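For clarity, every value in this text was computed on a predicted model and none was experimentally measured. For the numbers below, each heavy atom of this structure counts, side chains included, while hydrogens, waters and symmetry mates do not.
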Amino acid sequence: MAAQKDQQKDVEAEGLSATTLLPKLIPSGAGREWLERRRATIRPWGTFVDQQRFSRPRNLGELCQRLVRNVEYYQSNYVFVFLGLILYCVVTSPMLLVALAVFFGACYILYLRTLQSKLVLFGREVSPAHQYALAGGISFPFFWLAGAGSAVFWVLGATLVVIGSHAAFHQIEAVDGEELQMEPV
């Protein structure tokens, strides 16, 4: 135990460890592991946005090849671009912030109630899934007023445009051991 703490202190002395960079609100489990895998496979941002690596594809075949290879190669970077667009959309829409606050506030209140005792309505115990569905139902009018539907489609559209244009115009990275080979006809 003491050896682990010393090893962790050494890692933190060298720089921030991956566990300190992850938000504390994300519980350990599948979501946290997925996020850690994404962070581990992220490509350098310098090469991702290097303007000298952008060029117009010569033909449709090269365009398709660039799309497939770049989406595969920069997959983790694109996930963080998507998350950044979601964050931008939420921060720039005050009513959406209010709707999210209402939803998460209702979920937190339900969470606190379940810690004290089981919620019983009309003589029946209400399961946590039904309680969170109730929180969603209560906050649905706020999401409707905030225009959450249009925000979702804006994020999806902006993501497709940004990622699609980057993948189409960014030159393909040379991957070790993988070269294009011509097949004899």
Side-chain angles (χ1 to χ4, degrees), residues 7-101 103-104 143-185:
Q7 188 178 23
Q8 186 177 4
K9 285 180 184 178
D10 291 341
V11 169
E12 289 175 0
E14 293 174 10
L16 292 174
S17 66
T19 56
T20 59
L21 293 175
L22 289 176
K24 301 294 183 196
L25 293 175
I26 299 175
S28 59
R32 189 177 190 92
E33 290 172 11
W34 180 83
L35 190 59
E36 286 175 353
R37 278 196 312 270
R38 288 290 135 232
R39 293 184 92 166
T41 59
I42 200 163
R43 305 296 179 181
W45 288 102
T47 59
F48 182 76
V49 295
D50 186 11
Q51 291 180 356
Q52 294 180 357
R53 293 180 186 250
F54 286 92
S55 67
R56 197 180 81 184
R58 290 177 293 206
N59 54 36
L60 185 62
E62 185 181 0
L63 173 75
C64 293
Q65 185 180 21
R66 282 186 183 189
L67 283 171
V68 170
R69 297 266 308 267
N70 280 333
V71 166
E72 197 176 279
Y73 187 76
Y74 289 114
Q75 183 179 14
S76 295
N77 295 64
Y78 292 147
V79 167
F80 284 100
V81 167
F82 174 69
L83 293 175
L85 286 171
I86 289 174
L87 184 66
Y88 171 78
C89 185
V90 169
V91 169
T92 58
S93 174
M95 192 62 185
L96 192 55
L97 281 172
V98 169
L100 285 170
F103 175 69
F104 287 118
F143 284 117
W144 183 272
L145 290 173
S150 61
V152 167
F153 286 110
W154 181 88
V155 168
L156 291 175
T159 300
L160 285 175
V161 168
V162 169
I163 291 174
S165 60
H166 181 274
F169 294 111
H170 195 275
Q171 294 174 353
I172 297 173
E173 294 291 324
V175 179
D176 294 337
E178 187 178 320
E179 296 180 17
L180 296 175
Q181 296 181 358
M182 301 291 279
E183 292 183 14
V185 182

- Short side-chain to backbone donor-acceptor contact, Asn77 and Phe48, under 3.5 Å: no
- Message: Quick check for you: to the nearest 0.5 Å, what is the distance between Phe143 atom CZ and Leu145 atom CG?
- Response: 11.5 Å
- Query: Stepwise, does the side chain to side chain contact (heavy atoms under 4.5 Å, CB included) test hold for Gln171 with Phe54?
  - Reply: CA-CA 6 Å; Gln171 294 174 353; Phe54 286 92; over 6 Å; no
- Could you tell me whether the side chain of Ser55 reaches within less than 4.5 Å of the side chain of Glu62, counting heavy atoms only?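 They are not in contact (no side-chain heavy atoms under 4.5 Å apart), so the answer is no.
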- Query: Between His170 and Asn70, which heavy-atom pair has the shortest distance, and what is it?
  - Reply: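 Looks like O-ND2, 2.7 Å.
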- Identify the heavy atoms of Leu63 and Ala168 that sit nearest to each other, and give their distance.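 It is CD1-CB, 3.4 Å.
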Counting only pairs under 3.5 Å, give me each side-chain donor-acceptor contact of residues 79-96, with atom names and distances, residues two or more places apart or in other chains.
{"from": "Thr92", "atom 1": "OG1", "to": "Tyr88", "atom 2": "O", "distance (Å)": "2.8"}
{"from": "Thr92", "atom 1": "OG1", "to": "Cys89", "atom 2": "O", "distance (Å)": "3.4"}
{"from": "Ser93", "atom 1": "OG", "to": "Leu96", "atom 2": "N", "distance (Å)": "3.4"}

- Pick one: which of Thr47, Thr41, Ile42 meets side-chain contact (heavy atoms from CB on, under 4.5 Å) with Tyr74? Thr47
